[in-house]
Amino acid sequence: MLFTRGVSRISRTCYCRRKWAFSSLRNNEQQLVQHDNQFLFTLRSSEEVWRFRAIHSLVSSALSGVGQQAHDQSSSVIEERLDPFSLVADELSILANNLRSKVVAEVPKLATAAEHFFKMGVEGKRFRPMVLLLMATALNVPMSVQPAAATVDILPTELRSRHQCLAEITEMIHVASLCHDDVLDDADTRRGIGSLNFVMGNKIAVLTGDFLLSRACLALASLKNTEVVTLMATAVQHLVNGETMQMTTKVDQHYNMEYYMQKTYYKTASLISNSCKAIALLAGQTAEVSILAYEYGKNLGLAYQLIDDILDFTGTTTSLGKGSLSDIHHGIITAPILFAMEEFPELRAVVDRGFDNPANVDLALEYLGKSRGIQRTRELAIKRANLASSAIDSLPKNDDDSVQESRRALVELPQRIITRTK
């Protein structure tokens with residue numbers, strides 16, 4: 001698979017962003033070719049670009065054109081992009097209504113808080129439910145055994161209802177983690193609106209997260225599948241592990257890419273990977289199929305977070321729905337900085353000093369701007385995206401049109417992720 005993409009440096013609305021953008025754009029017609037893989041990166045700029053708006057326009061244009069690629073799926077080339085959300089749009093609307101009914105609470109203040117991220121218009125992308133519903137259709141292959149704990153044959157409609165329930169459970173767990181994370185990060189925005197802790201206070205935000213987890217547990221128990229319960233409980237444990245790793249990182253671990261990727265798996269990829277595997281288990285699929293579903297979710301989640309790491313440097317507060325440069329201001333070292341430190345070891349001294357001083361942020365951005373940190377992070381995201389797509393290609397053959405369409409959407413989704421700009 002060959003992906004050709006442009007790489008651009010992004011300017012910021014503050015002085016340090018503009019300085020970084022000028023540093024990155026000043027060399028005309030630079031070409032960076034990495035000989036040990038198939039990715040070609042070309043950087044073009046103009047010395048006549050002196051105003052911030054011009055820089056921003058140039059870079060935004062470059063980003064919008066990134067990512068024209070071809071993926072070979074079962075010896076055929078995907079000729080047109082498929083919107084994965086469109087295939088399950090009706091189900092996602094039903095799911096949104098179900099979630100709103102599931103988070104109703106007896107205590108008025110808790111009810112208001114629980115609805116905060118499920119209200120119409122602020123439900124978020126519903127990315128995880130979309131993936132799980134597509135996976136459920138993509139795994140519509142002959143079952144090796146009847147689904148666990150079933151005393152009678154489960155009709156396709158009933159199995160679909162169980163899969164929809166799992167998608168709702170996953171979304172409740174995800175939103176609960178957001179409530180808790182925003183308290184830990186002292187965030188004031190989420191999904192383009194005020195974060196729950198900012199609007200109603202830390203105590204209510206924590207209790208709301210707990211309440212959503214309890215609702216998820218009740219729904220999980222209704223599935224009556226102990227293996228699925230174990231998977232989802234493990235995902236919740238991993239969320240806690242990952243957040244704790246981020247808070248208590250030792251100095252050596254702070255600069256270790258392997259440690260960073262493990263933390264990223266816990267915080268971002270474990271929930272979607274274990275949920276994908278749970279979809280397969282509920283359908284009574286083989287261990288091999290279940291592992292492929294898990295691998296898809298794991299690599300999709302890692303690719304998603306790696307692009308998030310890039311966007312924290314290249315995005316804007318408006319596009320992200322939260323503050324840009326959020327990680328570095330909180331002292332969180334992500335992949336772009338880790339890669340930049342490999343090229344410029346002196347950057348470590350800057351990181352060691354912390355980022356309370358804006359001058360240190362400026363200096364770190366300057367090093368990042370002249371390094372390949374952003375590019376190498378994108379390369380790693382592409383690798384993970386391709387592994388996710390390969391997992392779907394490895395599923396047992398099925399000529400059913402709906403199965404093929406869902407698999408095509410799942411193959412396309414990782415490629416969309418690595419080219420997103422928000």
Side-chain angles (χ1 to χ4, degrees), residues 81-104 114-115 117-141 143 147 150 154-176 178 191 212 215-216 218-220 222-225 228 231-232 235 271-285 289-290 292-294 296-297 300-301 304 388 392 395 398 400-414 416-417 420:
R81 293 176 72 88
L82 179 66
D83 180 10
F85 284 93
S86 67
L87 298 183
V88 291
D90 292 340
E91 281 186 282
L92 288 175
S93 295
I94 295 172
L95 181 141
N97 290 329
N98 289 345
L99 283 170
R100 281 190 281 271
S101 66
K102 277 183 167 66
V103 300
V104 172
E115 293 172 357
F117 291 126
F118 294 107
K119 291 182 293 187
M120 197 80 70
V122 294
E123 310 102 316
K125 296 180 285 289
R126 293 172 293 182
F127 175 79
R128 290 157 190 81
M130 177 269 293
V131 171
L132 297 178
L133 293 175
L134 288 175
M135 183 64 73
T137 303
L139 296 184
N140 186 20
V141 295
M143 300 179 186
I154 293 182
L155 298 174
T157 53
E158 185 176 346
L159 177 59
R160 190 67 178 186
S161 295
R162 288 160 68 82
H163 282 153
Q164 290 168 347
C165 181
L166 183 64
E168 293 164 10
I169 291 166
T170 300
E171 186 68 3
M172 283 190 284
I173 293 173
H174 170 62
V175 174
L178 298 184
R191 294 179 175 175
L212 293 176
R215 289 292 186 174
L218 286 172
L220 192 56
S222 72
L223 295 177
K224 296 181 171 61
N225 187 310
V228 169
L231 281 175
M232 300 309 290
L271 179 59
I272 189 63
S273 60
N274 281 296
S275 295
C276 284
K277 185 175 182 180
I279 288 286
L281 293 177
L282 285 175
Q285 296 300 338
V289 169
S290 298
L292 288 172
Y294 171 87
Y296 177 83
L300 183 76
Y304 192 98
I392 299 301
L395 290 172
N398 190 306
D400 181 83
D401 288 343
S402 62
V403 171
Q404 285 293 312
E405 191 173 42
S406 291
R407 290 184 181 183
R408 179 185 164 192
L410 288 173
V411 166
E412 170 74 8
L413 184 59
R416 283 176 167 266
I417 282 175
R420 67 190 178 95

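The chain is numbered in sequence order, starting from 1. Computed from a predicted structure; not experimentally measured.
Under a 3.5 Å cut-off, the side chain of Tyr296 and the backbone N or O of Met135 do not form any donor-acceptor pair. Here the side chain of Arg215 pairs no donor or acceptor atom with the backbone of Val103 at under 3.5 angstrom. Checking side-chain atoms of Asp400 against main-chain N and O of Asn140 turns up no donor-acceptor pair under 3.5 Å.
For the residue pair Ser402 and Thr137, the shortest heavy atom distance occurs at O-CG2, 3.6 Å. Arg100 and Val104 make their closest contact through O-CG2, 3.5 Å (heavy atoms, listed as atom of the first residue, atom of the second, distance). Taking all atoms of both residues into account, the shortest heavy-atom contact from Leu82 to Arg416 is O-NE, 3.2 Å. The nearest pair of heavy atoms linking Gln285 to Ser290 is O-OG, 4.0 Å. Closest of all the heavy-atom pairs between Ala138 and Val403 is O-CG1, 3.7 Å.
Contacts of Ser222 classified as side chain to side chain contact (heavy atoms under 4.5 Å, CB included), with partners at least two apart in sequence or in another chain: Cys165. Residues satisfying the side chain to side chain contact (heavy atoms under 4.5 Å, CB included) test with Arg128, not counting sequence neighbours, are Thr170, Glu171, His174, Leu271, Ile272. Qualifying side chain to side chain contact (heavy atoms under 4.5 Å, CB included) partners for Ala136, counting only residues two or more places apart in sequence or in other chains: Arg160, His163, Ile279.
In this structure, Arg420 is positioned above the aromatic face of Tyr304, its NZ or CZ under 6.0 Å from the six-membered ring centre and within 45° of the axis.
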